[in-house]
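Structure first, commentary second.
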Amino acid sequence: MAMPTASRVRYALACAALDPRLRGVLLFDLEPALLLDIGHWLGSLLGNPHPYVLGTSAVADNAWIGLSSRPTFGVSPGPLVDSPGAPPLTVLVSDLAKLSLTGQRAAITLLDADVAHLEREGLSVTWAPRTRWVAGCARADVGRIPPHLLDRFPLRVDASGLPADLEPPAEKWRHALAGGRLATVPDEVSRGVLGRTARGTAGARRDLALARIGRALATLDSRTWTTNADVEQAASLLRLPPPLDRGHRDDSGGGVARGRHDPEEGGGAGRRGGKEPSPSARADGFNVAAPAPAQPLAPGPVSPADPGGPYPEDDTEPERDPGSLRSQTTRHSSSRPSHGRSIGSRPGAFGDLAIVATILGAAPLQAGRCEDHYSRPPHPLHLIPPDLRVHRRSADPARLLVLVLDHTCRAGWNWLDALAPYLQWAYTGRAGVSVIEVGAAGVANELRAQRFSASSLLDPRVVRALERPVGRCTPLAHGLDLAVETLRHRLHLGRVPADDVLLVIVTDGRGNIPLRASATGELPDRVGSEGVEDALAMARELSRMKRIHAVVLDPGPRPGAALTRALAEACGARLQQGGEPR
């Protein structure tokens with residue numbers, strides 16, 4: 001019988017608490033509102049019930065360093081740095097696909113690493129990471145997560161439909177954690193694990209994870225020896241597909257039990273599948289049982305992947321390139337401060353001054369700097385030039401894709417094929433994206449175009465824009481007017497090199513809403529050629545912008561195709577036939 005979702009989640013969390021090598025838990029399709037309760041559940045096992053939430057806006061300064069007031073006000077290690085002797089912290093990530101670059105780097109640094117180093121703000125710390133990570137992720141978004149980040153999460157559980165209230169941890173689990181000893185894994189069991197998982201590009205990580213989960217399950221069941229039945233329970237926990245050749249074998253010391261079962265119901269493999277091996281050796285005061293002769297599992301064919309299995313990335317087309325953990329780079333220099341989001345601070349005297357970081361940096365030095373009057377309140381803050389700090393900001397994209405989408409031209413036409421080369425250009429070049437939607441259904445005012453800007457093509461709003469339902473009106477002139485405004489704004493500020501701007505207009509040229517109607521919000525009495533003429537006027541405005549690569553995508557042969565050709569000529573764009581209407 002398949003293990004209930006609540007049991008799988010409880011056992012996964014208990015295994016993570018027990019074995020520091022299993023400190024990454026990934027919960028597929030988890031209801032986000034349950035994540036905090038899960039963090040408290042795991043924290044109660046670890047002895048630290050206060051989890052740390054790492055969000056999409058996490059910055060390095062807040063994650064790695066903090067402030068202390070004892071014995072004096074100063075900089076201290078942040079929440080991601082383990083305190084000596086303190087219980088491990090639980091780090092919660094609500095959506096792994098949206099985790100900030102700082103958070104992704106922290107996960108790579110701390111998960112599956114023996115030692116971590118921190119060199120920041122005068123701090124020099126070396127520690128053995130013990131923090132446990134619990135992350136949620138929609139199964140459909142797996143392709144947006146870098147593969148080497150996914151590999152850091154050995155415990156994968158499908159948490160869809162997880163009930164709100166989890167049973168508290170079993171008392172024997174607390175005893176197992178307090179004991180601090182893990183069950184022994186015989187060589188036969190280790191060899192049987194090899195080839196049990198579909199490795200893909202993960203190397204031996206998956207096999208190791210399966211063996212460690214089996215070992216943790218045996219330990220949670222208060223046994224000192226890991227059997228192949230424990231490995232099968234681990235596979236059931238992950239929902240791994242069973243091997244095609246699963247002959248029944250004895251579980252007395254290394255055989256494989258037929259079928260899966262819930263460890264809670266069956267009372268553990270050692271009790272259910274047979275007796276535990278008798279102790280025959282003792283090492284370091286810990287009872288070690290010698291396994292009976294057993295036939296190891298042979299690496300063989302496995303069943304087709306379960307749609308709810310633990311490794312959906314094997315069947316998902318990656319949406320990120322291997323270098324996606326790198327910071328954005330720019331190919332132009334400017335003396336002006338960057339306009340990106342603040343991700344920290346650095347010493348500096350002019351420009352983009354970071355007030356809070358400057359004050360926090362100077363505060364610990366006041367007692368030594370003002371010995372003669374520091375004790376007489378109110379003590380004013382004394383600043384000297386070396387105290388000044390400026391923001392350290394993420395780089396702006398060096399490329400820009402301006403996408404004008406006329407939804408009313410794509411009835412029966414799959415425009416994704418025609419757009420694919422330009423979307424790929426934006427993705428591989430880490431380009432910023434400005435999307436202008438014309439004629440979409442369900443908008444606040446159908447007489448006007450809609451516009452939004454995204455830092456990259458991975459923004460979910462871009463996908464939603466490409467799939468928006470078709471509306472009734474076509475305010476093409478207003479859409480082109482927004483394109484002119486967007487390009488002037490970006491080029492005037494110098495944030496994007498002029499030779500790295502690509503304008504793609506997808507339309508059939510049939511704009512039926514004049515620019516005046518878009519401005520006033522009043523529907524005209526009759527539809528004439530005014531909308532088309534306004535669109536051509538805006539196209540001529542675009543043609544006056546130099547060194548912009550412009551493309552007009554036409555849906556294909558149809559009556560009135562000359563409108564698209566006229567629009568392309570007006571804005572000096574290359575005309576591309578996108579495909580035949582179906």
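Only a predicted model underlies this, so the values are computations on that prediction, with no experimental measurement involved.
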side-chain contact (heavy atoms from CB on, under 4.5 Å) partners for [X], two or more places apart:
X	value
Asp19	Arg21, Leu22, Leu182, Arg212, Arg215
Pro88	Leu46, Arg130, Arg132
Ser44	Pro169, Arg174
Ala135	Leu26, Val93, Leu96, Phe153

Tell me, please, which residues at least two apart from [X] pass side-chain hydrogen bond (donor to acceptor under 3.5 Å, both in side chains).
X	answer
Asp459	Arg461
Thr219	none
Arg369	Asp387
Ser160	Asp158

(request) Look at atom NE2 of His382 and say whether more than 12 heavy atoms of other residues, nucleotides or ligands are closer to it than 6.0 Å. (result)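 Yes - once you tally the heavy atoms of other residues, nucleotides and ligands closer than 6.0 Å, there are more than 12.
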Ignoring hydrogens and angles, tell me if any N or O in the side chain of [X] forms a donor-acceptor pair with the backbone of [Y] under 3.5 Å.
X	Y	answer
Thr5	Leu162	no
Arg23	Pro20	yes
Ser236	Glu232	no
Ser83	Ala86	no

Measure the spacing between [atom1] of [X] and [atom2] of [Y] and express it to the nearest 0.5 Å.
X	Y	atom1	atom2	result
Arg206	Leu240	CZ	CG	9.0 Å
Leu27	Leu34	CG	CG	10.0 Å
Leu458	Lys98	CG	NZ	12.0 Å
Ile213	Leu155	CD1	CG	4.0 Å
Arg10	Trp173	CZ	CH2	4.0 Å

Are the side chains of [X] and [Y] in touch, meaning some heavy atoms are under 4.5 Å apart?
X	Y	value
Leu35	Val134	yes
Leu42	Ile38	no
Ser76	Ile65	no

(message) Looking at Arg144 and Asp95, is any side-chain nitrogen of the basic one under 4.0 Å from a carboxylate oxygen of the acidic one?
(response)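 Judged by the 4.0 Å cut-off on N to carboxylate O distance, Asp95 and Arg144 do not form a salt bridge.
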(message) Tell me every residue that passes salt bridge (Lys or Arg N to Asp or Glu O under 4.0 Å) with Arg156, counting only those two or more places apart in sequence or in another chain.
(response)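 Glu313.
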(message) For His175, give me all partners under ring pair (Phe, Tyr, Trp, His ring centres under 6.0 Å), at least two apart in sequence or on another chain.
(response)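 For His175 there are no ring pair (Phe, Tyr, Trp, His ring centres under 6.0 Å) partners, ignoring immediate neighbours.
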(message) If we count only N and O atoms by modelled type, under 3.5 Å, do the side chains of Asp187 and Ser190 hold a donor and an acceptor together?
(response)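 No, Ser190 and Asp187 have no side-chain donor paired with an acceptor closer than 3.5 Å.
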(message) Between Thr227 and Trp225, do the side chains contain a donor N or O and an acceptor N or O under 3.5 Å apart?
(response)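 Not at all, the side chains of Trp225 and Thr227 share no donor-acceptor pair under 3.5 Å.
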